[in-house]
Each structure stands twice: as structure tokens, then as C-alpha cells.
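Values below: every heavy atom of this structure, side chains too, minus hydrogens, waters and symmetry copies. Worth saying up front: this structure is predicted, and the values here are computed from it rather than measured. Proteins come first, then strands; the chains are lettered A, B, ... in the order of their sequence lines, and each starts at number 1.
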Number of protein chains: 4
Amino acid sequence: MPQEPNPQRRSEKSRTAIIEAALELCAEHGYGHVTVEAIAARAKVSKKTIYRWWPSKGAVVLDALDETVNPAIAFPDTGDLRADLEAQMWGLLHGVMTEPRTGRALTGLIADTQHDPDLARSLNDDLIRPRADEARARLTKAKTDGQIDPDADLDLALELLYGPVYYRLLLHQGDLHTRAELGKLIDHVLSALAPEGKALARSPALDQDH
Amino acid sequence: MPQEPNPQRRSEKSRTAIIEAALELCAEHGYGHVTVEAIAARAKVSKKTIYRWWPSKGAVVLDALDETVNPAIAFPDTGDLRADLEAQMWGLLHGVMTEPRTGRALTGLIADTQHDPDLARSLNDDLIRPRADEARARLTKAKTDGQIDPDADLDLALELLYGPVYYRLLLHQGDLHTRAELGKLIDHVLSALAPEGKALARSPALDQDH
Amino acid sequence: MPQEPNPQRRSEKSRTAIIEAALELCAEHGYGHVTVEAIAARAKVSKKTIYRWWPSKGAVVLDALDETVNPAIAFPDTGDLRADLEAQMWGLLHGVMTEPRTGRALTGLIADTQHDPDLARSLNDDLIRPRADEARARLTKAKTDGQIDPDADLDLALELLYGPVYYRLLLHQGDLHTRAELGKLIDHVLSALAPEGKALARSPALDQDH
Amino acid sequence: MPQEPNPQRRSEKSRTAIIEAALELCAEHGYGHVTVEAIAARAKVSKKTIYRWWPSKGAVVLDALDETVNPAIAFPDTGDLRADLEAQMWGLLHGVMTEPRTGRALTGLIADTQHDPDLARSLNDDLIRPRADEARARLTKAKTDGQIDPDADLDLALELLYGPVYYRLLLHQGDLHTRAELGKLIDHVLSALAPEGKALARSPALDQDH
DNA sequence: GCGTAACCGAGACGGTACGTCACGTCTTACG
DNA sequence: CGTAAGACGTGACGTACCGTCTCGGTTACGC
């Protein structure tokens, strides 16, 4: 029998210490230089205890992010779609990606998924997709409310919003969007989503700064 | 790559064998499972020879990609901006990212840049930025020709084009854009760039498939 | 050996396999061509396990000799000093130095001490000095018993006995003392140690063979 | 054809620089830590040049010692056998073994002979045996002159003289004989060699210091 | 006195082994 | 039974030297 560990008896103290240690070490040395051995040492925990509950360091960090990051990137619903989008995306940029404890952890985690399909699945299931679903739900609601065109392709819109953000995160790591750039990005996408009557002649978002 | 040692009598045979071995191993086992030892063994070369000319396996793979990938993603100039964009981006998707020898190599390389700033710089300098510069130049030319709005923000446009592509590459790895999706993406961005007189009432790209 | 790590749960099986492998490899290829990697491979043990408990291959071989060699060079006490000396020295020559498993190991070890002071100290403490102490004790007892001159310089005597033996071992490696030569050597030194009344007119040991 | 190097064209400058560098490096780091690469670098010489003329670093050091050491250990002949012996042996101890440039070189060289039979042969042929032959010749002359017993076993005598010296050199490296100890050793051996008429009742050399 | 063949410096090359690191598994003793 | 401690086999790391091998350049012999 593979005899899975009985989660009833799991030590909450150890769990917390491990998650805490993982984030701290990510902040200090960067995800790539964090090792299971170091997490165990920092958390005063046996390596066995880590491997009993998680399959890899990536899974630990994912759990850690899951607990830490949610408040910063929750999707609000104030009725003002543009404000809600900006709030959530700014939370993502400012509350997660530039926070030392979580930013390097997140990019490292995404990096790890390139050679760990299980981790990729977990990351999507636990972190990425739920946010996307929230965002899609918010856009769908706006569509129902008549704030955006009923024919708009919401998935394309989501890619146009989040693609550039992650693109910069992963390929220009230090150089994320400023609040102004973020605003321009959102303006552009939203203007294209606008219902026909309210459509602007052309998207102002692609005007240059002047 | 910053080859400090004066490459006065560098062995071209070894160099080629190393680059070839690196790409083959990426194709077979995935970038993350490639080791310098394996490259050396496959290329029948001493590890020292690899370390003499490259600082890390990432640098080797970068050089390998640089040589292999350029034809597929060169930026054409047929006069038809939309066709040129689609050709280049489809080359990127189809000729690089889904090619076994280069696709896994590229994503793994990007992953590695998350904890190797030198590699990140090299990747940008040698691979990413030159393509972006070509694309920007093509757009600028189109602007000069009056095909796109003189006030258009070309950098934003580039992010809107390439962001979603890399976003999918890195976060939904198996699931890249189809040709149709790519076309829609390009249509959307180009329509927003169109000069004022020719502006469509609203971007057709955000219509759903029907 | 100064085993810093607390040897609480050290694997006896590994320890034995390592020591055994070390001696076998010395016998097969000679100490100088033995490598830690080869010992590890032969003993089916990780290199790390060797380095955990010993600082160098020399230390391993020293431990191995210590366990293997002791019976052959124990100092007997039959009451007959000359016989005891000859027995012990012949054991050293025949039971250690010409045994394939130990002979090449010992000379190689001594060689290594020339550039490893820690090893030199260990070799003296664990192997050389204890034998010298036993021999000195045996001579001291003989002095007490009146078998040798009470004024005799025992340390000089020890050097005269063992010096030539090691001298040949290290400088004429194949060509150790025969039993007859050993007997002559012992006779010479003992005759010089004889108490005054029993002194021979001159040492017969320096007569040539005839 | 193996085309041996033509010694006529050999660069004396390189030869000297190599030998000089070898001894310096022995003095600085100890024979065991000297490498051919370091010798080449120090002597501003190509490795190829070293390997062209010597088969190994041991051979270089042997040549170096051969040139440097001879004056210190030449065997004098003043007519006074005891004085001659003491002079030569003290030269060996003081002029060679405790000299930084030569002492560590010599012991390291002897160490190396334990796993290099060619080097062992060269060392004996070039350095060890010639001295032994000189010593034996001096003793033979003394025998002819009637200063020592015509039946004396000169080879045993040589072993009794030099064995203890090398024994200490190799096994108690820091702790060589003092002049007094050396004198005692010589006295002991010579007294045993004395012709019958002059024989002492017993060897005074084995009396303890008092 | 002038080619030309050898030596020379420089250092790249294929190798072997080094000693270290982290992996993921395991064993032991405690609570 | 979960845990802390940590030894274990595995395998890759990046480095150090080995001894061999081109390279051009320089030197000195022999025609």
C-alpha cells in the first residue's frame, strides 16, 4: 500500500514554518537558489516532512503563494469596470510581482513549470485560472450590464490585458508597467470592447504620450 | 557571448558539435534535463572546452538558438504590413516554438533567465531585442508610408502583439495560438493603428468567432 | 581519523566495503593510481560517504592498514629478545611489506605524507609510533631483566633496527632484506646492546658473509 | 619516425629557467603541489618544451637536484674516515635536506618513486647510488689502509649509517638528526668496524647521553 | 647567405579526477 | 504515527592538471 500520510495528524506548526521559510528564502536568494535542504534547515524541519506533504519545492512555493497572494489580487466589483480592472491588475503588479517575498517566487515558479508538467498544472489550477475566471466573470457581468459589446471576444480581451503584463514580467524582469502604462493598456482594450453606440472613432490608447 | 579568451585558434568543429548536441538534447529531454556533462559527452568534447567559451549551459543554448532560429523569424518586408506581421509571428510560433529542437530550448532558456541576470541580458540582447527592433522598424516604416496613424504608440502595439504570444507559450505551454487566433490578434491591433480616415468604427478583432 | 560528524548511525557495511575496496585497489593498481572515485565505485558507495568520514584517500588507506596489519606486526614476548625482534621484524617485512594488499598501500601512504602533514601525523600516531612504543617497551623490559646493558641508548637501537628496513622499502623498493640479512642486522645491534660482561669482542654482525 | 629532439638546438635559457622554476616552486608550495603547468608558467616556457625534454615533473626535479645538490654531498677524503663521514652526512642533512629549495624536493621525489618505476630508476642511478658508491669506495680505501677490519661488511655498514637518516627524513619529516645524534650514530658504526686489535670492548655509541 | 627544419611561446583540446552540492529515499529514536 | 536528525546512493557541478596537439615566429644549421 502506498499509505498516504494521514492529514489529520499533520503538524500545522511545521506546515506554517515551511511555507514561511520558503518565501523568505525566495526573497533572500531568489527562487532558483532555494533548495529543499535550505527550507528544511530554516524551518527547523526534517526534509522528510517536506517530502511527505509536497512533491517538490515548487509545490511548496505554490502553496505559499496561494496563501499569501490572494488578498492582493482579488477581483473587486464596484460597478466601475475600468476601475475594477485597474485595481486588480495594479494589485498584481504592485502587491505581488514587485513584492520581494512573492515576486521572485512567482517568476521562479513559472520558470519551473517549463520542465515540470505537474507543477504547471497545479500552478494553473490553483493560481492562474481562478484569477482568469474571476476576470472573465467580471467582464461577462459587464457584458450583461450592457457596458461592453455583446459580441466582444472576452478571451482575446483577457490575453490582451494580461499577456503584456506577464510578458514584461518574464522577459524584462526589472521593468514592469508603470501605473500610467497600465492605464493606457486598459483604456485601449476597454475602448475596443465598448458597445457599438459608445464606440470611440478609434482607440485612444494607441496614441502616443504627448 | 562574451568570449574573454582570445578565440585565436578556437576549434570550429567543437563549437558546432556542442551547439548541435545542445539542441538535440533539448529536443530529446527538455532544456531542464540537459546537463553540461551530457552536452560534452554527446559532442565528444571535454567539459572544459564548453566552459572555456560559455559561462553556462544557457549561454550555449542561446548561441545555438541564435544560429538556428534566425531564418524562421526574420522580418519580411513585402509592403503589406499585415501579411509581414503574420508571416513573422507565424514563423515564431510555427518555425520556432513548436519545433522540437528549438521550442523547448527557448522556453527553458527564458525560464533560466529568472535566476541568471547575465543570461537574461544576453537573451534580450541577442534574441529578443533584435526581433523587437526589426518589428518596430517595420511599423515605423508603415507609419512613414501613411499606413498607420502617425500618433500610434508603437511600443504598446508591440506589447499587444507579442505579449499574448509569449504569455501562452510560458503559461499554457501546449496551447499556442492557432493561425486563426493569430490573425484575429493582428487584425485587432492593426485596426487600432489605422490612420484616422481609414479607421473602422470599431475593432472587428474583438468580435467573437461566428 | 578525526571523524567530526557524530558517528551516531554510521553504516558499518559501507565502512567495511570502503576499506576493503581501498586495499584491493592498492593491490591491483598501486596506491598512486587509486582514486576516491574508484574506491566509491568498487565499494558501491557514494563519494560523499567517503568524504563524510575521511578527509582523503590516504586516511582511508591508513584506516584500512590499521585494521589489516596489526596482527602481522604485533610484538611478541617469549622471553627470548632476539627471537621476538626477529619475529616482529620478519612479520613487518613478510606479512606487510611484501603482501600485495598492504605493501604498496604502506609505501604509497608514506609517500603521501610528504605533502600532507595531517596524514603524516595520523600515520605516525596510528601506525608507526605504537609499533615503536611496543618495541621500546620490549627493549626496556629486556634491560630490566638484565639482558641488555643498562646504559644502552634504546632509541638509537631502534633507529639502527628499523632505519635500514624502511630505507630499503622506500629507496630500493623491490629489494627488501632477506631473512639472513635481517638476522645479521639484529645480531649486530643486539651484540652492541649486550651487558658488559657478556660483550663479544666485536660485533660479528659486521663480518661479511662467508 | 619518433624523431627525437636534437639536443644541439636545445635552448639553454629555457632549460635553466625550468629547473630554477621547479626548485622555487618546490620551496614555496612543496613538491606535491607543484605542477608542470605552474613550472611552465613560472619559467615563461611552453608546456611542450618541458615535455620535449623530460618525461615528468619528477624528472625535472631530479635534474634540478642533480645540479644543485652535488657540492653539498660530495664525499671528501682527508684521511680521517670519521671526519669525512661526518662531513658528508652533515652536508646531506644540513646542506640538502633542511634547505628549503632541495629538502622538500628530495622527499617529494622519493615519494613519487613509489608509483613511478622509471623515476625510481633514475633517482637511484643519478643521485642515490653514486653517493653510496663514493661512500663504499671511501670505506674500501679505509679497509685497504687498515683503518677498518678487513672482514667488515661494508654494505651493512652503509645501511646502518644512511638507513636511520632517511628513516627520519621520510617518517619524522621535521625531526632530523642533530649533529650530536649524527656523531653518535657514526661512532657506533665505526667502532664496530674497527680492526680487531683496536676493537673497543663494546660500542660506546649505544650508551645513553649522560 | 639563405632556405628550411627544429625549437620555441602560447594555449586549445579530450580526458580523468577532484571535492562539493542538492536531490529524494531511508533509518533511527523520540514524543 | 508524525516528526527531527541526518546518513545514504545518485549524479551534476565547475575546477585543476594531465599529456597531446596545432599554430605562427624565431633561430641556427647545412647546403
Item to complete: Going 5' to 3' through nucleotides 14-22 of chain E, assign each nucleotide B (protein heavy atom under 4.0 Å from a base atom), S (under 4.0 Å only from sugar-phosphate atoms) or - (no protein heavy atom that close).
Response: BB-SBBB-S

Worksheet item: Is the backbone N or O of D:Asp112 less than 3.5 Å from a side-chain atom of C:Gln114, with the two atoms forming a donor-acceptor pair by type?
Response: no

Fill in: Within residues 18-27 of chain B, residues whose heavy atoms come under 4.0 Å of DNA chain F
none

Item to complete: Taking side chain to side chain donor-acceptor pair (under 3.5 Å) as the test, write out the residues that go with D:Glu20, two or more places apart.
Response: D:Arg101

Item to complete: Provide, to the nearest angstrom, the distance between the CD atom belonging to B:Glu12 and the C1' atom belonging to F:dT22.
Response: 16 Å

Worksheet item: Which residues satisfy the side chain to side chain contact (heavy atoms under 4.5 Å, CB included) test with C:Ala105, sequence neighbours excluded?
Response: C:Leu23, C:Cys26, C:Val61, C:Leu65

Fill in: Test side chain to side chain donor-acceptor pair (under 3.5 Å) applied to B:Thr68 - qualifying residues, sequence neighbours left out
none

Worksheet entry | Nearest-angstrom distance from the residue atom CZ of D:Arg10 to P of F:dT27 | 19 Å

Discussion item. Per the side chain to side chain donor-acceptor pair (under 3.5 Å) rule, what does the pair list look like for residues 39-52 of chain A, sequence neighbours excluded?
Written reply: A:Glu24-A:Arg42, A:Glu28-A:Arg42, A:Glu37-A:Lys47

Worksheet item: Rounded to the nearest 0.5 Å, how far apart are OG1 of C:Thr107 and CD1 of D:Ile110?
Response: 13.0 Å

Worksheet item: Expressed in angstrom and rounded to an integer, what is the separation of D:His29 atom NE2 from F:dC17 atom P?
Response: 10 Å

Worksheet entry | Whole angstrom value for the distance that separates P of F:dC17 from CD1 of D:Ile50 | 14 Å

Fill in: C:Trp53 side chain reached by C:Arg10 side chain, heavy atoms, under 4.5 Å
yes

Item to complete: With sequence neighbours excluded, tell me which residues meet side chain to side chain donor-acceptor pair (under 3.5 Å) with C:Thr16.
Response: C:Glu12

Item to complete: May I ask you to test the B:Leu106-B:Thr102 pair for a side-chain heavy-atom distance under 4.5 Å?
Response: no

Worksheet item: What's the CZ-P distance between D:Arg15 and E:dC8, to the nearest Å?
Response: 12 Å

Worksheet item: Taking OP1 and OP2 of F:dG6, is either one under 4.0 Å from a side-chain nitrogen or oxygen of C:Trp53?
Response: no

Response to the item:
Intra- and inter-strand pairing of DNA chain F, written as dot-bracket with Watson-Crick and G-U pairs under 3.5 Å and | for the latter, reads |||||||||||||||||||||||||||||||

Fill in: Partner set under salt bridge (Lys or Arg N to Asp or Glu O under 4.0 Å) for A:Asp118, not counting sequence neighbours
A:Arg121

Practice prompt. Figure out the NZ/C1' separation between B:Lys13 and E:dA12, and round it to whole Å.
Written response: 13 Å

Fill in: Protein-nucleotide distance (D:Ile39, atom CD1; F:dG19, atom C1'), rounded to Å
14 Å

Worksheet item: Of all residues at least two apart in sequence or in a different chain, which pass the side chain to side chain contact (heavy atoms under 4.5 Å, CB included) check with A:Ala43?
Response: A:Ala17, A:Ile18, A:Ala21, A:Val45

Worksheet item: Where along residues 109-120 of chain D does a heavy atom come under 4.0 Å from DNA chain E, residue by residue in number order?
Response: none

Worksheet item: What residues, two or more places apart in sequence or in another chain, satisfy side chain to side chain donor-acceptor pair (under 3.5 Å) together with A:Asp63?
Response: A:Trp54

Worksheet item: Between the main-chain N or O of D:Ala22 and the side-chain N or O of D:Lys57, is there a donor-acceptor pair closer than 3.5 Å?
Response: no

